[in-house]
Colleague: 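A single structure is presented below for examination.
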Protein chains: 2
Amino acid sequence: MPNLVRMGKRVSLKDIAAKVGVSTALVSYVINGLEKEKRVGPEIVKKIREVARELNYKPNQIARSLRKGSTNTIGLIVADIANPFFGQLARIIEDEAARHHYTVIIGSSDENCVKSAALIEALLDRQVDGFIIVPSEGCNASIETLVQREVPVVLVDRFLPDVNANYIVLDNFKATYEAVTHFVAKGCERIAFVAYQSSLVHMQERIRGYRQAMKDHQLEEAIQVKELLYNHAKDFMDNGVSELLTGNQKPDALLFATNALSISGLYAIKNHNIKVPEDMAVIGFDGNEVFDFFYSPLTYIEQPIDQMGKESVRILMEQIKGNHQTVQIELQHRLIQRQSCG
Amino acid sequence: MPNLVRMGKRVSLKDIAAKVGVSTALVSYVINGLEKEKRVGPEIVKKIREVARELNYKPNQIARSLRKGSTNTIGLIVADIANPFFGQLARIIEDEAARHHYTVIIGSSDENCVKSAALIEALLDRQVDGFIIVPSEGCNASIETLVQREVPVVLVDRFLPDVNANYIVLDNFKATYEAVTHFVAKGCERIAFVAYQSSLVHMQERIRGYRQAMKDHQLEEAIQVKELLYNHAKDFMDNGVSELLTGNQKPDALLFATNALSISGLYAIKNHNIKVPEDMAVIGFDGNEVFDFFYSPLTYIEQPIDQMGKESVRILMEQIKGNHQTVQIELQHRLIQRQSCG
DNA sequence: AATATATGCTTAAACGTTTAACCTAGGTAT
DNA sequence: ATACCTAGGTTAAACGTTTAAGCATATATT
């Protein structure tokens, strides 16, 4: 109630109808550009347009949504909107959705499947027309439910192998595979991989790509994967790296599996006064411009984030329109060479 | 229509009412925990609860919003959600709003007042209950309109001097003032300031703080402010800095007015092989962890972004509840000392 | 015995749209 | 004259809630 009092009541179809002296139906037709189809008289059309402008009429989307059963809103669930990777992605999705006259509601799951499920619930209650989701570990059930209920969903950045949902992801296997190959070309042999401990495919694929490449380059015995916990990555990174550096298998190259890991890792490297690339070559994942500030600018695997964002919206729009073919896309990375590999 | 077909129709109050054999009113009361107040019989209460759970009933927030006239949604307009500063801010606001059972819809204005106005319109059409806005240059009119209409608004990061709206911002004057003072303490004399060309108070205050500090330290004749255009900052930064470095007033210290400017600036500095802090001391605004990667980790002015986010939500909630006292808050910065000032 | 009070439930309007169905008057074709 | 269209409108239901108002019945008060 307070809103109505405060905001002096917004003008509705009824107000226009009253002022023009017609029914709300006619006004609705005109507002929605159906005047031909619904055969509204030309003078009336003109009058309605005038009055609508005069009263500064804006349709109430809530009412429209209730009636139409669709809200022109999509829910976007990312791991953390404060993470620049997801921030960029969100921005692209926001713009692309706007082009389709859709609004985006963003939620951060913190890679936590309980939070993720709660977000999905909340967004469903708000009747979003579809979802773009960066799925967390263990959220198979809630995504599966969405798919079952035929709620339009597109997974992005990662997918769930046992859920038959649409997705658009990077070819992660190839990405790390080529990173290792690049290291090898630069003469590295003891290449270690710092990843998150996660059953999610994107991480598993990155690990698999690393392993396979190591094998294919006859470096199988030098394989060394550090899997850190998401929540404790920062705390353990220092120890993790120390361990790596004091072990009997001291690596000459380090591959980081994500943006955040690169940041933490570079800190550790800096603190340990390790020289890049002389003592150790480094490649990161999802690099961004700031990594150029590292004294030896970081060579990194670039994801086609723009394409990922745009396509995810495109696919979702298709699904919302009723196209039920599941779409599953793998995009290719680009290796951006700087100076951290010599 | 397609939604209803696809999603197999969500269960409504009516469905529960029918199954239990009561009116929807009773169900509504029970769902909303008004069974005491509205004197619903204990067995009926139990039955309704059971059936609700059994049918997995979730209230339709759209319908509720239409009826109640409030959506439990707030609109957040930032310059660019892909910018980490705003990403962090958005994240804090998201979490804080969730604690109050509010959902946030984020829009990016690109510092463009037309876009900003369009976003405000779109969010109003969606009947948001209030706004948190990072105002762009020239958007006074649209904000003023909101205030006039008594739509709850809180400006954040910046405010508009001729609009009497709630705001929570940094004491920008003091921030740059103390940065200059810090430079002076480190022995710098020819301190230059790289800012955006903008009439917005936050920028003007930063410039004023710089100027005043320079005056107060008897360095008035060394005052040098470079004001760059938002859209061309990256392009011009290089030239701008070159100019600075070849001019007859070559500075021995550089103060950047924002995060983005620091990034561009550090690039230029790196490209020009300028030694920090020997050749030039540097202080940034809104520094974040990645600046530690610069070969000489950046000393920066830290904004209490957490407090800014939380308080903005708190103030907005007050306003939505009907408290019409305008609240205007200035927060204090912290100077984080690293190595870029010697 | 009459009246008040409490209890437990129903009715129906309202929020602002959309839209199928219906109505009316004039004009055309037969 | 009859039937039939067409143009231009109205009516009212529906979307899913919330909530004021009303209606019984039973119990308590005088």
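A note on names: the letters A, B, ... follow the listed sequences, proteins ahead of strands, and every chain is numbered from 1. These numbers were taken from a predicted model, which means no experiment stands behind them.
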Colleague: Under 4.0 angstrom, heavy atoms only, what part of the nucleic acid is A/I44 near: base, sugar-phosphate, or nothing?
Modeller: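 Contact class for A/I44: sugar-phosphate only.
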Colleague: Is the phosphate of C/dT18, meaning OP1 or OP2, less than 4.0 Å from a side-chain N or O of A/N32?
Modeller: yes
Colleague: Return the 5'-most residue of the pair A/P42, B/I31 with respect to DNA chain D, ranking by each residue's nearest nucleotide.
Modeller: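 First, find each residue's nearest nucleotide; the 5'-ward one identifies A/P42.
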Colleague: Quick one: do the A/D129 and A/T71 side chains pair a donor with an acceptor below 3.5 Å?
Modeller: yes
Colleague: Is A/S23 close enough to D/dT10 that one of its side-chain N or O atoms is under 4.0 Å from OP1 or OP2 there?
Modeller: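 Yes, within the criterion.
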Colleague: Have B/E111 and B/S136 got a donor and an acceptor in their side chains that come within less than 3.5 Å?
Modeller: no
Colleague: Expressed in angstrom and rounded to an integer, what is the separation of A/L66 atom CG from D/dA14 atom C1'?
Modeller: 9 Å
Colleague: For A/L13 and C/dA14, what is the distance between atoms CG and C1' respectively, to the nearest whole Å?
Modeller: 16 Å
Colleague: Among side-chain atoms of A/E94 and B/S108, is any donor-acceptor pair under 3.5 angstrom?
Modeller: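 Note: A/E94 and B/S108 side chains meet the donor-acceptor criterion.
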Colleague: Name the nucleic acid region contacted by A/R64, choosing base, sugar-phosphate or nothing; use a 4.0 angstrom heavy-atom cut-off, strictly under.
Modeller: sugar-phosphate
Colleague: Under 3.5 Å, is there a donor on one side chain and an acceptor on the other for A/Q328 and A/N166?
Modeller: no
Colleague: Whole Å only: how far is the CD1 atom of B/I48 from the C1' atom of D/dT18?
Modeller: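 Value for this atom pair: 15 Å.
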Colleague: Side chain of A/A25: nearest nucleotide among D/dT19, C/dT19, C/dT18?
Modeller: C/dT19
Colleague: Roughly how many Å is it from CG in A/L26 to C1' in C/dC23, rounded to a whole number?
Modeller: 13 Å
Colleague: Looking only at the side chain of A/Y29 (C-beta and beyond, no hydrogens), which of the listed nucleotides C/dT18, C/dC9, D/dT10 gets closest?
Modeller: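 Nearest to the side-chain atoms of A/Y29, counting from C-beta on, is D/dT10.
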Colleague: Let's see if you can work this out: which of D/dT18, D/dG16, D/dG9 has an atom nearest to the side-chain heavy atoms of B/S28?
Modeller: D/dT18
Colleague: Whole-Å distance between C/dC15 P and B/K68 NZ?
Modeller: 16 Å
Colleague: Checking A/R126 against B/T103: is there a side-chain donor and acceptor pair closer than 3.5 Å?
Modeller: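 The criterion, which ignores hydrogens and geometry beyond distance, is satisfied for A/R126 and B/T103.
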Colleague: Mind calculating the distance between NZ (B/K38) and P (C/dT11) to the nearest angstrom?
Modeller: 17 Å
Colleague: Please tell me which of the listed nucleotides, D/dA13, C/dC15, D/dT11, lies nearest to the side chain of A/R67?
Modeller: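 Looking only at heavy atoms from C-beta outward on A/R67, the closest nucleotide is D/dA13.
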Colleague: How many Å lie between CD on B/E37 and C1' on D/dA20, as a whole number?
Modeller: 13 Å
Colleague: For A/Q127 and D/dG16, give me the distance from atom CD to atom C1', rounded to whole Å.
Modeller: 9 Å
Colleague: To the side chain of B/Y57, which of C/dT17, D/dT17, C/dC15 is closest?
Modeller: D/dT17
